[in-house]
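Here is the structure we will look at, set down as C-alpha cells.
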Amino acid sequence: MWWADVRDLGARLAGLTARIDPATTIEPGAMLDESAGPIAIAAGTKICGGAVLKGPLAIGADCLIGNNAMVRGPTLIGDNVRIGYAAEVKQALIADGVSIGPMCFVADSRVDAGAYLGALVRTSNHRLDGQPISVRDGDIVTDTGCEKLGCWIGAGASLGIQVIVLPGRVVAPGSLFEPRVTVDRNYPAGRYRLKQTLEAA
C-alpha cells in the first residue's frame with residue numbers, strides 16, 4: 001500500500017531529532033520553523049534565500065532547496081534531491097536523486113529515485129466532490145480513506161512542464177510524459193504526448 005507510506009510519515013518521523021549539519025549552507029532570508037516538529041538537514045545541503053522549511057522534516061545530504069521554495073512536514077527527502085524556485089512540497093516521501101522543477105506542487109505523494117519533474121508539474125491531492133480517494137491496481141479499486149492523497153511517481157519517471165497527476169494515480173517507473181499531459185489513469189510504462197494542431201488565425 002504505497003499510500004500508507006505517505007499517510008504514516010508523521011509516525012515515521014515521530015522520533016526525529018533536530019540537527020543541522022555544520023556542512024549545511026543556509027542562506028540569509030531562509031526560514032526554518034520547528035513549531036510543529038524538528039528539522040534535520042544532512043551535510044552538503046544548501047537552503048537558498050527565501051526558502052521556508054516547516055518540520056517535522058528530514059533532508060538528506062547534498063540537496064538543494066531553491067529560492068522561495070516551501071517544504072512542509074511531515075516530509076522525508078533523500079540525498080542529492082533538487083527542489084526548484086518557488087516549488088511547494090508537502091507531506092511527501094522524496095527518494096534519492098529526484099529533481100523537482102520551479103513552481104511545482106508535490107503534496108501527499110511518493111516520488112521514487114531518479115524521477116524528474118519539470119517546471120509547473122502539479123500533483124492534485126483532493127477530489128472536487130470531497131470524497132475519499134481511491135486507488136486502482138488492475139481491476140481492483142481500494143478506498144484509501146484518505147481525504148488528501150496525491151500520487152506515486154515511479155523510479156526514473158520524467159514529467160514534462162505543466163504535467164498534472166490526478167489523485168491516487170500511479171506513474172509507472174521509467175515513463176515519460178511530455179508537456180501538458182493530464183495523468184488521469186494508471187498508464188503502462190511508456191512515452192506519452194498530446195497531439196497539437198495549429199491553425200493560422
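Treat the numbers as computed from the prediction; the structure is a model and nothing was measured. All residue numbers refer to positions in the sequence shown, counting from 1.
Pairing each heavy atom of P188 with each of S175, the nearest pair is O-OG, 4.1 Å. Shown here for P74 and L9, the closest heavy-atom pair between the two residues is O-CD1, 3.6 Å. The two atoms that bring G78 and D96 nearest to each other are CA-OD1, 3.3 Å, heavy atoms only.
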Could you pull out every donor-acceptor pair under 3.5 Å between side chains of residues 134-151 and any protein atom, sequence neighbours left out?
{"from": "D143", "atom 1": "OD1", "to": "G145", "atom 2": "N", "distance (Å)": "2.9"}
{"from": "T144", "atom 1": "OG1", "to": "I133", "atom 2": "O", "distance (Å)": "2.5"}
{"from": "T144", "atom 1": "OG1", "to": "C146", "atom 2": "N", "distance (Å)": "3.1"}

Please list, one pair per line, the donor and acceptor atoms closer than 3.5 Å that link side chains of residues 46-70 to other protein atoms, with sequence neighbours excluded.
{"from": "K46", "atom 1": "NZ", "to": "E27", "atom 2": "OE2", "distance (Å)": "3.3"}
{"from": "N67", "atom 1": "ND2", "to": "G49", "atom 2": "O", "distance (Å)": "3.1"}

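A donor-acceptor pair under 3.5 Å is formed between the side chain of R169 and the backbone N or O of P167.
Judged as a salt bridge (Lys or Arg N to Asp or Glu O under 4.0 Å), not a single pair has a partner in residues 28-40 (not counting sequence neighbours).
V106 and V6 fall into different hydrophobic clusters, defined by Ile, Leu, Val, Met, Phe, Trp and Tyr side-chain heavy atoms under 4.5 Å apart, directly or through other members. Residues V165 and I83 fall within the same hydrophobic cluster, defined by Ile, Leu, Val, Met, Phe, Trp and Tyr side chains chained together at heavy-atom separations under 4.5 Å. No single ILVMFWY cluster, assembled from side-chain heavy atoms under 4.5 Å apart, contains both I164 and L194. In terms of hydrophobic clustering, with Ile, Leu, Val, Met, Phe, Trp and Tyr side chains grouped at heavy-atom distances under 4.5 Å, M31 and I39 are assigned to different clusters. Transitive grouping of hydrophobic side chains (ILVMFWY, heavy atoms separated by less than 4.5 Å) keeps Y116 and V171 in distinct clusters.
Legend: residues meeting side chain to side chain contact (heavy atoms under 4.5 Å, CB included) with A36, ordered by chain and number and at least two apart, are absent. Considering only residues two or more places apart in sequence or on other chains, R180 meets the side-chain hydrogen bond (donor to acceptor under 3.5 Å, both in side chains) condition with Q196. For Y85, there are no ring-ring contact (aromatic ring centres under 6.0 Å, His included) partners at least two apart in sequence or on another chain.
One finds the CE atom of M103 at 5.0 Å from the CG atom of L120 (value rounded to the nearest 0.5 Å). Atom-to-atom distance recorded for L76:CG and R110:CZ is 11.5 Å, nearest 0.5 angstrom. Here the CG atom belonging to L93 is positioned 13.5 Å from the CZ atom belonging to R7, to the nearest 0.5 angstrom. In this structure, the separation between CG on D21 and OG1 on T25 is 10.0 Å, given to the nearest 0.5 Å. Here the CD atom belonging to E88 is positioned 9.5 Å from the OG1 atom belonging to T123, to the nearest 0.5 angstrom. Expressed to the nearest 0.5 Å, how far CD1 of I161 lies from CD of E178 amounts to 13.0 Å.
The only member of I77, I100, I94, L159 that meets side-chain contact (heavy atoms from CB on, under 4.5 Å) when paired with V111 is I94. Just one residue in the list P102, P179, C104 forms a side-chain contact (heavy atoms from CB on, under 4.5 Å) with V121, and that residue is C104.
Side-chain contact between S109 and F105: absent, with no pair of heavy atoms (C-beta onward) separated by less than 4.5 Å. Contact annotation: the side chain of D112 approaches that of W152 to within less than 4.5 Å [non-hydrogen atoms, C-beta and beyond].
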Next item on the list: Applying side chain to side chain contact (heavy atoms under 4.5 Å, CB included), run through T75 and K90 and close with a yes or a no.
Entry: CA-CA 7 Å; T75 290; K90 172 248 179 187; 5.6 Å; no

Next item on the list: Verify side chain to side chain contact (heavy atoms under 4.5 Å, CB included) between I20 and L32, making sure each step is shown before the conclusion.
Entry: CA-CA 11 Å; I20 309 300; L32 278 62; 3.9 Å; yes

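Relative ring orientation between Y187 and Y192 is described as tilted, the plane-to-plane angle lying within the 30° to 60° band.
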